[in-house]
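Note sheet for the following structure.
Hydrogens, waters and symmetry mates play no part in the numbers below; they use all other heavy atoms, side chains included. Numbers here simply count residues along the sequence, with the first being 1. In each ligand, atom 1 is the first atom listed, and ligand 1 is the first ligand listed.
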Amino acid sequence: MLVLEYKVKGRRQQYQAIDEAIRTTQFIRNKAIRYWIDAPREAKINRIALNNYSTALRKEFKFVEELNSMACQAATERAWSAIDRFYGNCKSKKPGKKGFPRFQKDNRSVEYKTSGWSIHPTKKRVTFTDKKGIGELKLLGKWDIYTYPVKSIKRVRLVGKADGYYCQFAVDIEVKTEQRTGDGELGLDVGLEFFYSDSNGHHEENPRFLKKAEKAIKHAQRQIYKKEKGKNQRRKARQRYARKHLKVNRQRNEHSKRLGRCVCKANALVAYEDLNVRGMVKNHCLAKSINDVGWGLFRHWLEYFAGKFNTTVVAVNPRFTSQKCSDCGAIVKKSLSTRTHKCSCGCDLQRDVNAAINILNRGIARDGQSRSNATGVGTSTLLGATLAEQVLT
Ligand SMILES: [Zn+2]
């Protein structure tokens, strides 16, 4: 699945119509969750039952009926994926919270499937044809969506962001694998000092986008409270603040994407620590820096490009990787502030490089096993799946 994103241009009433469609989507999703909660135990609510419920909602509410029927189904499917995830967590006995479906308050997108829209055959324009009145929108972006067969466009999503509205097309085509430029093997160690250190001794600097923008963001935040509540000026100040955050997120994403691509392009095997990022982020003191490092995002792009370049990526258990000597295997105790690894066997390395070599060795050992039952890491579904996630969060 390939996702093409455009910024859209329209008139103010059209933007209001998009907002209205987004609100309707949230309404349907939340109604479906409520329906599932209230249903008697023996009713066994599944995906199909929720789909049928969307039809019932269309009869009951005029504003639901105005939204394209498949878009309504897509909204109940969101509810279903939240329910299904909860069931999955319960079944697999996931430790901690099971993620009971919650009512959504901040939905930002509406999703159409294969009907309710049409694309202009040559110009970059998309028209939404249901009764929400969104109408024809101009697409701003460098892609040529009309060169793809209309049949291959499986989903069309309108998303509201801090700096405007975007239209995403999910196109069902094979993503071509690209030629790799090297067959190296690389271990990556994540830290706070560097973005990562690799087993070849390279340290990738931390960009710290948030820290750099922090002053401007704090300033923008203060401006909000200086303006009177309910006034236009305050709304504008809030938009400026949101745009600053959006910019940091984009910078982070681009940075992770670029690095992930480089690493996968040059290597046949990449091993990294299987850190529970969420668990780590919960540690309040470290949270801001770790979020800023954006390791989760980097990992996402690593896995994505692994599929593209046919690179094997392996997540290994990080236990003792910083304490163990990568040369002789002896445990050399060190505190967080010790920056070098010095072993009695004569091995003398920077601390993170030693860890990265250990991670690589573990990755090579693991890879031998995993290749027998699976070819590399499955990433074909990754993009589609995570996009749905992004929209929800
Ligand atoms: Zn040693």
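Contacts of Phe309 classified as ring-ring contact (aromatic ring centres under 6.0 Å, His included), with partners at least two apart in sequence or in another chain: none. The side chain to side chain contact (heavy atoms under 4.5 Å, CB included) test applied to Tyr35 returns Ile45, Leu50, Tyr53, not counting sequence neighbours.
In this structure a side-chain-to-backbone donor-acceptor pair under 3.5 Å is present from Lys154 to Lys151. Remark: side-chain polar atoms of Gln26 are paired, donor with acceptor, to backbone N or O of Gln104 under 3.5 angstrom.
Around the Zn ion (ligand 1), protein N, O or S atoms at a distance under 2.8 Å total 4; waters are neither shown nor counted.
Rounding to the nearest 0.5 angstrom, the gap separating the CD atom in Glu185 from the CG atom in Asp198 is 13.0 Å.
Residue pairs meeting the salt bridge (Lys or Arg N to Asp or Glu O under 4.0 Å) criterion with at least one member in residues 336-355, sequence neighbours excluded: Glu193-Arg339, Arg339-Asp352.
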